[in-house]
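Source: prediction; values computed, not measured.
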Amino acid sequence: MVTAGQDMQIRDVVAIMSFNEISVEPHSYRKQINSVYGAVNVGWKHMLYLDATLRGDQSSTLPTGNNMYVYPSFSGSFVFSEILKLDDIIPYGKVRMSWAQVGSDTDPYQLGLVYTKSKFTYPGYTIGYISNNTIPNKDLKPTKTNSFEIGLEMKFLKNRMGLDFTYYTQTSKNQIMAMASSWTSGYTHRLINAGEIENKGIEIALNTRPIQTKDFSWDLNLNFSKNNNKVKNW
């Protein structure tokens with residue numbers, strides 16, 4: 001339900017009852033996504049791990065022909081400390097790597113014209129109008145995002161010091177966006193697939209415990225991150 005008020009009479013009270021004219025309009029928002037998901041997880045001797053997933057979505061907010069999209073992911077890790085056997089110096093060490101793709105849709109009612117009834121009437125007739133502010137796009141495609149990550153995790157000195165390093169990159173294509181349109185067209189925006197945006201950066205975390213006694217311990221954690229964002233294509 002959408003409630004609107006006009007001609008505010010009581011300026012000091014922010015409430016719907018402060019308006020002289022109050023209108024209530026029913027509003028529905030329906031969206032459906034049908035999904036299929038599968039995953040495989042494999043481990044070997046507490047040292048090597050592999051994971052894979054596959055998901056497929058069918059969205060009601062995309063046009064027939066483009067409304068089904070499948071996206072996979074793969075990840076793996078290797079605990080090399082199981083081979084080194086240096087528990088006093090490096091009790092834990094792991095390298096990891098992953099690649100994933102994600103698909104996404106948009107809000108409903110973006111593919112065609114939406115009509116609504118006007119508040120104003122003409123004797124014997126119902127006046128209707130197009131309520132869209134954005135030009136529909138019947139050829140809309142899902143957004144696809146690819147991401148890659150590689151990392152190193154290590155612990156030293158009987159787990160009193162830890163290092164976690166991550167490098168990542170992420171690219172998004174066919175982004176669904178509303179581009180400004182000339183008012184003379186009757187619309188303020190038009191919906192398009194455009195753009196290729198790349199994000200890449202690093203994250204470093206250093207976890208330490210400088211003081212540790214039977215009754216007291218002090219943890220000191222440092223973090224550093226850097227991200228570069230670049231528009232590669234319009």
Side-chain angles (χ1 to χ4, degrees), residues 27-43 48-78 94-114 130-153 164-181 185 187-203 205 225-234:
H27 179 73
S28 62
Y29 184 101
R30 298 184 63 184
K31 176 179 177 178
Q32 179 174 327
I33 298 179
N34 300 321
S35 302
V36 177
Y37 178 81
V40 176
N41 310 98
V42 179
L48 185 64
Y49 299 90
L50 298 174
D51 302 284
T53 67
L54 184 66
R55 174 170 174 166
D57 287 347
Q58 182 183 41
S59 174
S60 64
T61 66
L62 296 172
T64 303
N66 292 334
N67 64 342
M68 295 185 64
Y69 44 98
V70 179
Y71 44 99
S73 72
F74 304 94
S75 63
S77 60
F78 173 54
K94 180 179 73 173
V95 292
R96 62 183 185 272
M97 184 173 61
S98 65
W99 175 87
Q101 185 180 86
V102 177
S104 59
D105 56 4
T106 184
D107 294 330
Y109 317 122
Q110 303 291 321
L111 306 179
L113 297 177
V114 178
I130 298 173
S131 62
N132 298 62
N133 291 321
T134 303
I135 301 175
N137 187 341
K138 64 178 181 179
D139 298 318
L140 204 62
K141 299 177 182 178
T143 299
K144 289 291 183 72
T145 300
N146 294 313
S147 60
F148 172 78
E149 179 180 304
I150 186 170
L152 171 67
E153 184 178 353
D164 194 333
F165 172 83
T166 301
Y167 168 80
Y168 65 88
T169 177
Q170 178 177 291
T171 304
S172 297
K173 297 181 179 181
N174 286 333
Q175 294 186 97
I176 300 174
M177 58 181 66
M179 179 173 288
S181 179
S185 66
Y187 301 90
T188 59
H189 296 84
R190 57 192 179 98
L191 201 65
I192 61 172
N193 284 113
E196 179 179 348
I197 297 181
E198 179 186 67
N199 283 278
K200 60 181 178 181
I202 61 172
E203 296 177 353
S225 64
K226 180 181 180 181
N227 179 76
N228 292 321
N229 182 279
K230 182 178 181 181
V231 179
K232 300 185 67 176
N233 186 18
W234 277 101

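- To the nearest 0.5 Å, the span separating CD1 on Ile176 from CG on Leu62 amounts to 5.5 Å.
- Looking only at side-chain heavy atoms (C-beta outward), Pro136 and Leu113 come within less than 4.5 Å of each other.
- Distance check: Asn174 CG to Asn193 CG gives 5.0 Å after rounding to the nearest 0.5 Å.
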**Request:** Begin from the C-alpha positions of Asn228 and Asn199 and carry the test side-chain hydrogen bond (donor to acceptor under 3.5 Å, both in side chains) through to its verdict.
**Result:** CA-CA 6 Å; Asn228 292 321; Asn199 283 278; over 6 Å; no
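- For Arg190, there are no salt bridge (Lys or Arg N to Asp or Glu O under 4.0 Å) partners at least two apart in sequence or on another chain.
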Would you please test Tyr168 and Asn227 for side chain to side chain contact (heavy atoms under 4.5 Å, CB included) and show each step? CA-CA 9 Å; Tyr168 65 88; Asn227 179 76; 2.8 Å; yes
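- With contacts defined as side-chain heavy-atom distances shorter than 4.5 Å, the pair Gln101/Pro72 qualifies.
- To the nearest 0.5 Å, atoms NZ (Lys31) and OG1 (Thr61) are separated by 5.0 Å.
- Minimum heavy-atom separation, Arg30 to Tyr109: N-OH, 3.0 Å.
- Separation of atoms CH2 (Trp99) and CZ (Phe148) is listed at 11.5 Å; rounding is to 0.5 Å.
- Counted by atom type alone, Ser73 and Thr53 present one or more donor-acceptor pairs between their side chains at under 3.5 Å.
- With 3.5 Å as the limit, one finds no donor-acceptor pair spanning the side chains of Arg55 and Tyr37.
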Please test Ile192 against Met177 for side chain to side chain contact (heavy atoms under 4.5 Å, CB included), starting from the C-alpha separation and ending with a verdict. CA-CA 6 Å; Ile192 61 172; Met177 58 181 66; 3.9 Å; yes
Exercise. Start with the C-alpha distance between Arg96 and Glu153, add both sets of side-chain angles, then the distance that settles side chain to side chain contact (heavy atoms under 4.5 Å, CB included), and finish with yes or no.
Key: CA-CA 8 Å; Arg96 62 183 185 272; Glu153 184 178 353; 3.9 Å; yes
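- Inspection of the Asp57 and Asn34 side chains reveals no N or O donor paired with an N or O acceptor under 3.5 Å.
- The shortest side-chain heavy-atom distance between Phe74 and Asp51 does not fall under the 4.5 Å cut-off.
- For the pair Asp105 and Ser59, the tightest heavy-atom approach, listed with the atom from each and the gap, is OD2-OG, 2.6 Å.
- Put simply, NZ on Lys144 and OH on Tyr69 are 9.0 Å apart, with the number rounded to the nearest 0.5 Å.
- For the side chain to side chain contact (heavy atoms under 4.5 Å, CB included) test with Gln170, the passing option among Asn229, Ile197, Thr145 is Thr145; the others fail.
- A heavy-atom distance below 4.5 Å is found between the side chains of Tyr167 and Lys200.
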(request) Please report the C-alpha distance between Tyr187 and Asn133 in whole Å, then the side-chain angles of each, then the deciding distance to 0.1 Å, and finally whether the side chain to side chain contact (heavy atoms under 4.5 Å, CB included) criterion is met. (result) CA-CA 5 Å; Tyr187 301 90; Asn133 291 321; 5.9 Å; no
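- Between the NZ atom of Lys94 and the CG atom of Asp164 there is a distance of 8.0 Å, given to the nearest 0.5 Å.
- For residues 133-142, the set of pairs meeting the salt bridge (Lys or Arg N to Asp or Glu O under 4.0 Å) definition, not counting sequence neighbours, is empty.
- Across every non-hydrogen atom of Ile135 and Ser185, the tightest pair is CD1-OG, 4.5 Å.
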